[in-house]
Amino acid sequence: MPVTPFIVLSALLFSIGAVGVLVRRNAIVIFMCVELMLNASNLALVTFARVNGNLDGQIAAFFVMVVAAAEVVVGLAIIMTIFRTRRSASVDDASLLKY
Amino acid sequence: MVAFWILAPVMVICALGILFTRKAVHCALLLAIVMVSLAVLYAVQDAPFLFAVQIIVYTGAILMLFLFVLMLVGVDASDSLVETIRGQRVIASLVGLAFALLLVLGVAQVGFSSVAGLDSANAEGNVPAIAKILFTRYVFAFEVTSALLITAALGAMVLAHRERLTPKLGQADAAAQRLRDFADHGKHLGPLPPPGTFARHNAVDTPALRPDGTPEPTSVPAVLTARGTVRTAPAYEVQRSSEELPDPATEPVGGSKDGV
């Protein structure tokens, strides 16, 4: 089974997620795009584990999943708090530190 | 490899859909498709443990969390299309395109001459092999993970907790408030009008019609208005049926015109 298509797919998904973070303005959607980038890197890790013939890459992907779960919990709680005070989930509305 | 060529276009299309869909709920569902497809790709690549973890943790837990928060934040949490920084979208798309091109061309030129494969590493089964590494070489990282998870749980509890600053409103307080609104600025005292009265449908998404045929906006739930799924009041139907009905001025009921 060739390796390059998997890596190319991973690169594509990562760049799509990066563009999403730059373009979208709903904080929740931005978060989803960050998750997409994490998933893309996981795919690369799993593929490289197959190239190298050991399971270290799969362990790394597993730790990425754990950290992503913790990050999502805290991040969504922050978004909820911002939404509760500002009635908006748009990242442009949270601009109080700008002025 | 068949699974890859079937799933890869689906994944890329769904990922692009996340960029272009306006509603956040649709984004979450597209992301679910990408994640389930990724799980299948893990299974293809000799990682059955990660296949299960991907489905349980990502699609099961994280995406459900996203959907819960979307439900709490509200259905009208769609992106506004107004650009606050001029040209941001175009520039971001161009930079992203250049980045994707660079990344894809870069990784496509790497030659993987020998793919070792996981047959020897997975000889005693994938899960026992992962457990052996996880609890020997990576045991410290694994322990630190528990601290991270506890911190995350505590942080979420602290952030989601809300102190009650005002006393809780009871039924008597609500009634008094309603009367005060009526006295101050004449807000309607009674219940809201039910939807669908005099309309073609008696569904909740059809506004009631006033006697003059105009729709009554307060008769549909505010959630449906925010979601944008309110049907237009079929005022023309009222017009048409009133034209079809015999005009009482020219044609008295009972056919008494030619009877007498």
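Scope of the values below: all heavy atoms of this structure, side chains included, with no hydrogens, waters or symmetry mates. Labels below follow one simple rule: chain letters A, B, ... track the order of the sequence lines, proteins then strands, and each chain is numbered from 1. If you're wondering where the values come from, they're calculated on a predicted model, not measured in any experiment.
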Legend entry - Toward chain A, the part of His26(B) with a non-hydrogen atom under 4.5 Å: neither
Inset, instruction - Please state whether the side chain, the backbone, both or neither of Asn122(B) comes within less than 4.5 Å of a heavy atom of chain A. - result: side chain
Legend entry - Under 3.5 Å side-chain donor-acceptor pair for Gln177(B) and Asp173(B): no
Inset, instruction - Using non-hydrogen atoms and a 4.5 Å limit, figure out which bit of Asn39(A) sits close to chain B: side chain, backbone, both or neither. - result: both
Legend entry - Heavy-atom side-chain proximity of Arg24(A) to Cys27(B) below 4.5 angstrom: yes
Legend entry - Which of Ile59(A), Thr4(A), Val72(A) touches chain B most, by non-hydrogen pairs under 4.5 Å: Ile59(A)
Inset, instruction - Under 4.5 Å heavy-atom distance to chain B, tell me which part of Thr47(A) shows up: side chain, backbone, both or neither. - result: both
Legend entry - Contact check, side chains of Phe62(A) and Leu134(B), non-hydrogen atoms, under 4.5 Å: yes
Inset, instruction - With the side chain counted from C-beta on, respond yes when Leu38(A) and Tyr58(B) share a heavy-atom pair under 4.5 Å apart, and no when they do not. - result: yes
Legend entry - Heavy-atom contact with chain B under 4.5 Å, split by part of Ala68(A): both
Inset, instruction - Name the region of Leu31(B), side chain, backbone, both or neither, that has any atom closer than 4.5 Å to a heavy atom of chain A. - result: side chain
Legend entry - Student check: side-chain heavy atoms of Ile55(B) and Met35(B) closer than 4.5 Å: no
Legend entry - Geometric cation-pi criterion, Arg50(A) with Phe6(A): 6.0 Å, 45°: yes
Inset, instruction - Heavy atoms only, distances under 4.5 angstrom: which of Ala15(B), Gly106(B), Ser93(B) has the most pairs with chain A? Name it, please. - result: Ala15(B)
Inset, instruction - Could you check if a side-chain atom of Ile6(B) sits within less than 4.5 angstrom of a side-chain atom of Val2(B), using non-hydrogen atoms only? - result: yes
Inset, instruction - Can you tell which part of Val21(A) gets under 4.5 Å to a heavy atom of chain B, answering side chain, backbone, both or neither? - result: neither
Inset, instruction - On the 0 to 90° scale, with breaks at 30° and 60°, tag the Phe142(B)-Phe135(B) ring pair as parallel, tilted or perpendicular. - result: perpendicular
Legend entry - Contact origin within Gln45(B) toward chain A - heavy atom pairs under 4.5 Å: both
Inset, instruction - For ring-ring contact (aromatic ring centres under 6.0 Å, His included), just list the numbers for Phe49(B) and Tyr42(B), CA-CA rounded to whole Å, side-chain angles, deciding distance to a tenth of an Å, and then say yes or no. - result: CA-CA 9 Å; Phe49(B) 176 66; Tyr42(B) 293 163; over 10 Å; no
Legend entry - Side-chain H-bond candidate by donor/acceptor type, Asn42(A) with Gln54(B), under 3.5 Å: no
Legend entry - Per-residue contact mode, Ala61(B) against chain A (heavy atom under 4.5 angstrom): neither
Inset, instruction - Could you pull out all residues at least two apart from Lys187(B) that satisfy salt bridge (Lys or Arg N to Asp or Glu O under 4.0 Å)? - result: none
Legend entry - Enclosure of Arg178(B) CZ (heavy-atom neighbours >12, cutoff 6.0 Å): no
Inset, instruction - Can you tell which part of Leu19(B) gets under 4.5 Å to a heavy atom of chain A, answering side chain, backbone, both or neither? - result: both
Legend entry - Selection from Leu105(B), Thr145(B), Val57(B) maximising heavy-atom pairs under 4.5 Å formed with chain A: Thr145(B)
Inset, instruction - Just give me the residue among Val73(A), Leu22(A), Leu76(A) that pairs up with chain B most often, heavy atom to heavy atom, under 4.5 Å. - result: Leu76(A)
Inset, instruction - Tell me, out of Ile91(B), Leu103(B), Val158(B), Leu63(B), who's got the most heavy-atom pairs with chain A below 4.5 Å. - result: Leu103(B)
Inset, instruction - Tell me, for Leu43(A) versus chain B, whether the close heavy atoms (under 4.5 Å) come from the side chain, the backbone, both or neither. - result: both
Inset, instruction - Hey, could you give me the CG/CD1 distance between Leu50(B) and Ile130(B), rounded to the nearest 0.5 Å? - result: 5.5 Å
Legend entry - Toward chain B, the part of Ile16(A) with a non-hydrogen atom under 4.5 Å: both
Inset, instruction - Identify which part of Tyr138(B) has an atom lying under 4.5 Å from any heavy atom of chain A, answering side chain, backbone, both or neither. - result: both
Inset, instruction - Sort Met157(B) into side chain, backbone, both or neither according to what part of it lies under 4.5 angstrom from a heavy atom of chain A. - result: neither
Inset, instruction - Among Asp119(B), Thr151(B), Val53(B), single out the residue with the greatest number of heavy-atom pairs under 4.5 Å to chain A. - result: Val53(B)
Legend entry - Residue part contacting chain B, namely of Met80(A), when any heavy atom lies under 4.5 Å: side chain
Legend entry - Side-chain heavy atoms of Val44(B) within contact of Phe4(B), under 4.5 Å: no
Inset, instruction - Count the heavy-atom pairs under 4.5 Å between each of Glu35(A), Gln58(A), Met1(A), Glu71(A) and chain B, then report the option with the highest count. - result: Gln58(A)
Inset, instruction - Indicate the atoms forming the closest heavy-atom contact of Ala77(A) with Ala156(B), along with that distance. - result: CB-CA, 4.0 Å
Inset, instruction - Would you mind checking which part of Val12(B) comes under 4.5 Å of any heavy atom in chain A, side chain (CB onward), backbone (N, CA, C, O), both or neither? - result: both
Legend entry - Proximity breakdown for Val110(B) and chain A, heavy-atom pairs closer than 4.5 Å: backbone
Inset, instruction - Pick one of side chain, backbone, both or neither for Ile78(A), based on which atoms fall under 4.5 Å of a heavy atom in chain B. - result: both
Legend entry - Segment of Ser114(B) engaging chain A (4.5 angstrom heavy-atom cut-off): backbone
